[in-house]
There are 2 protein chains.
Amino acid sequence: MAKLYKQLFSQFGWTILLYGLGMGLLLVVLQTARYRFLILDHAQELYFGLIALLFTGLGIWAGRQLTARLAKPTKPLSGDALEQTLAKLGITPREYEVLQLIAQGLSNQEIAGRMFVSLNTIKTHTSNLFSKLDAQRRTQAVQKAQAIGLLSGTHPKV
Amino acid sequence: MAKLYKQLFSQFGWTILLYGLGMGLLLVVLQTARYRFLILDHAQELYFGLIALLFTGLGIWAGRQLTARLAKPTKPLSGDALEQTLAKLGITPREYEVLQLIAQGLSNQEIAGRMFVSLNTIKTHTSNLFSKLDAQRRTQAVQKAQAIGLLSGTHPKV
DNA sequence: GGATATCCCATACTTTCGGGTGATTTCCGG
DNA sequence: CCGGAAATCACCCGAAAGTATGGGATATCC
């Protein structure tokens, strides 16, 4: 449990904390303000609208913050860093080969032919690869791999 | 005035409309619910909290939708060159949108959901797109598009 | 020798893709 | 007003991709 928290925190930093604080603060302010200045009866709708607007804005802001961290762009790794990343993800050499061929737009059949193994073998490799990359599709795997820097620049094959 | 609306609509599609509708609907529902079931006195805080939560979620969603459209047209090639290339290949705006979403690893179903059209429509778009890019698979299309510089992220750098 | 990891292959099954055809609507330019 | 481009959607069909499971062959490390 503490591990999950730590991971989340390291990933999102202060964003969540700040968001929670802001949320609580706003609620408190609004509450006290309600009892102090605006005790008008039918001002409820106005309150709802205001809160809705405010938290919509906050939501957009928070969304931007979070996606900004998740969509962090990176440069292609090389040599040592590459192997380290591969090891961390548990991606085997053979799987990495497959990944590179996938990124070049080859089908499983073509990959099988190029690597002199059966189609089923490639399927196994891709399946394992996807689970290690937390991907459901080959395009997603390529996208994630590029985001991490596992793949060098595109090879203009044709 | 109508022109501005049209432009905005064509840019953001149903996102804004849906958002406005959802907002209004939620407010109405909450209001009527208030007078029907929960006339308890100190339930206000709960309401505020609920609305805050709801609209935070909505805000995040809206933010994602909007930034997805605003961030994509950030051209890797100098604007003009991009449009020229697209025109040369006969790729329509809608098809280009699809291409970008494909490059992000989304399935046709997910793309359909994000663009508020049917799965069949996306299939048509992808099919036309592939023939224009001379590709047989989505991964191949992505590879070629990146090689030409049609996609942000990784493109001819070195 | 046993545990582990990698690689190879297979079968069976479900889902997704891609290709093809055709149809409707809207909008725009000649 | 007519014709074409663009966008939307539908239906079918075969191929490819993905999932699950299990078996067998090495090689390595303890």
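As the structure is a computational prediction, the values presented were derived from the model and not from experiment. Lettering follows sequence order; numbering is per chain, from 1. What you see below is based on every heavy atom in this structure, not just the backbone, and it leaves out hydrogens, waters and symmetry mates.
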Engineer: Tell me: CG of N128(A) to P of dA5(C), nearest whole Å?
Structural biologist: 13 Å
Engineer: Show me the pairs that pass salt bridge (charged side-chain N to carboxylate O under 4.0 Å, His left out) and involve residues 118-132 of chain A, at least two apart or across chains.
Structural biologist: E95(A)-K132(A)
Engineer: Please list, pair by pair, any protein nitrogen or oxygen found under 3.5 Å from a nitrogen or oxygen in nucleotides 14-19 of chain C.
Structural biologist:
from	atom 1	to	atom 2	distance (Å)
dC17(C)	OP1	N108(B)	N	3.4
dC17(C)	OP2	N108(B)	N	3.3
dG18(C)	OP1	R138(B)	N	2.8
dG18(C)	OP2	R138(B)	NE	3.4
dG18(C)	O6	K123(B)	NZ	3.1

Engineer: Would you mind reading off the distance between L101(A) atom CG and dA17(D) atom P, rounded to a whole angstrom?
Structural biologist: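 In whole Å, dA17(D) P and L101(A) CG are 13 Å from each other.
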Engineer: In whole Å, I'd like the distance from the OH atom of Y96(B) to the C1' atom of dA6(D).
Structural biologist: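 It is 19 Å, rounded to the nearest whole Å.
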Engineer: Measuring only between side-chain heavy atoms, which start at C-beta, is M115(A) closer than 4.5 Å to T121(A)?
Structural biologist: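 No, too far: nothing below the 4.5 Å cut-off.
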Engineer: Would you say a side-chain N or O of H125(A) is under 4.0 Å from OP1 or OP2 of dC7(C)?
Structural biologist: no
Engineer: Counting distance alone, no hydrogens or angles: does the base of dC9(C) have a donor or acceptor under 3.5 Å from a partner atom on the side chain of T124(A)?
Structural biologist: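 Check passes, donor-acceptor contact within cut-off.
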Engineer: Does OP1 or OP2 of dC7(C) have a side-chain N or O of T92(A) closer than 4.0 Å?
Structural biologist: yes
Engineer: Is the distance from OP1 or OP2 of dC9(C) to the nearest side-chain N or O of T121(A) less than 4.0 Å?
Structural biologist: yes
Engineer: Would you kindly give the CD1-to-C1' distance between I122(B) and dA10(D), to the nearest whole Å?
Structural biologist: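 Those two atoms, CD1 and C1', are 14 Å apart.
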Engineer: Please tell me if N120(A) has a side-chain N or O lying less than 4.0 Å from either OP1 or OP2 of dA10(C).
Structural biologist: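 Yes, because at least one side-chain N or O of N120(A) sits under 4.0 Å from OP1 or OP2 of dA10(C).
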Engineer: When the distance from CG of L129(A) to P of dC7(C) is rounded to whole Å, what number comes out?
Structural biologist: 11 Å
Engineer: Does any part of the side chain of R138(A), heavy atoms only, come nearer than 4.5 Å to the side chain of F130(A), both counted from C-beta?
Structural biologist: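 Counting from C-beta outward, F130(A) and R138(A) do come under 4.5 Å.
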Engineer: For Q104(B) and Q100(B), which heavy atoms make the closest approach, and how far apart are they?
Structural biologist: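 Looks like CG-O, 3.0 Å.
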Engineer: Could you tell me the separation between the CG atom of L119(A) and the OG1 atom of T124(A), rounded to the nearest 0.5 Å?
Structural biologist: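 Rounded to the nearest 0.5 Å, the CG-OG1 separation comes to 9.5 Å.
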Engineer: Would the distance check show the side chain of E110(A) and the main-chain N or O of L106(A) forming a donor-acceptor pair, the cut-off being under 3.5 Å?
Structural biologist: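 No, the answer is negative, given that no donor and acceptor are paired below the 3.5 Å cut-off.
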Engineer: Starting at atom CZ of F116(B), determine the distance to atom P of dT8(D), rounded to an integer number of angstrom.
Structural biologist: 13 Å
Engineer: For R94(A) and dC9(C), give me the distance from atom CZ to atom C1', rounded to whole Å.
Structural biologist: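 Nearest whole value for this atom pair: 13 Å.
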Engineer: Would L86(A) and L89(A) show up in the same hydrophobic cluster when neighbours are defined by side-chain heavy atoms closer than 4.5 Å?
Structural biologist: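 Cluster IDs for L86(A) and L89(A) match.
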Engineer: Using whole Å, what does the distance between atom P of nucleotide dA6(D) and atom CG of L86(B) come to?
Structural biologist: 12 Å
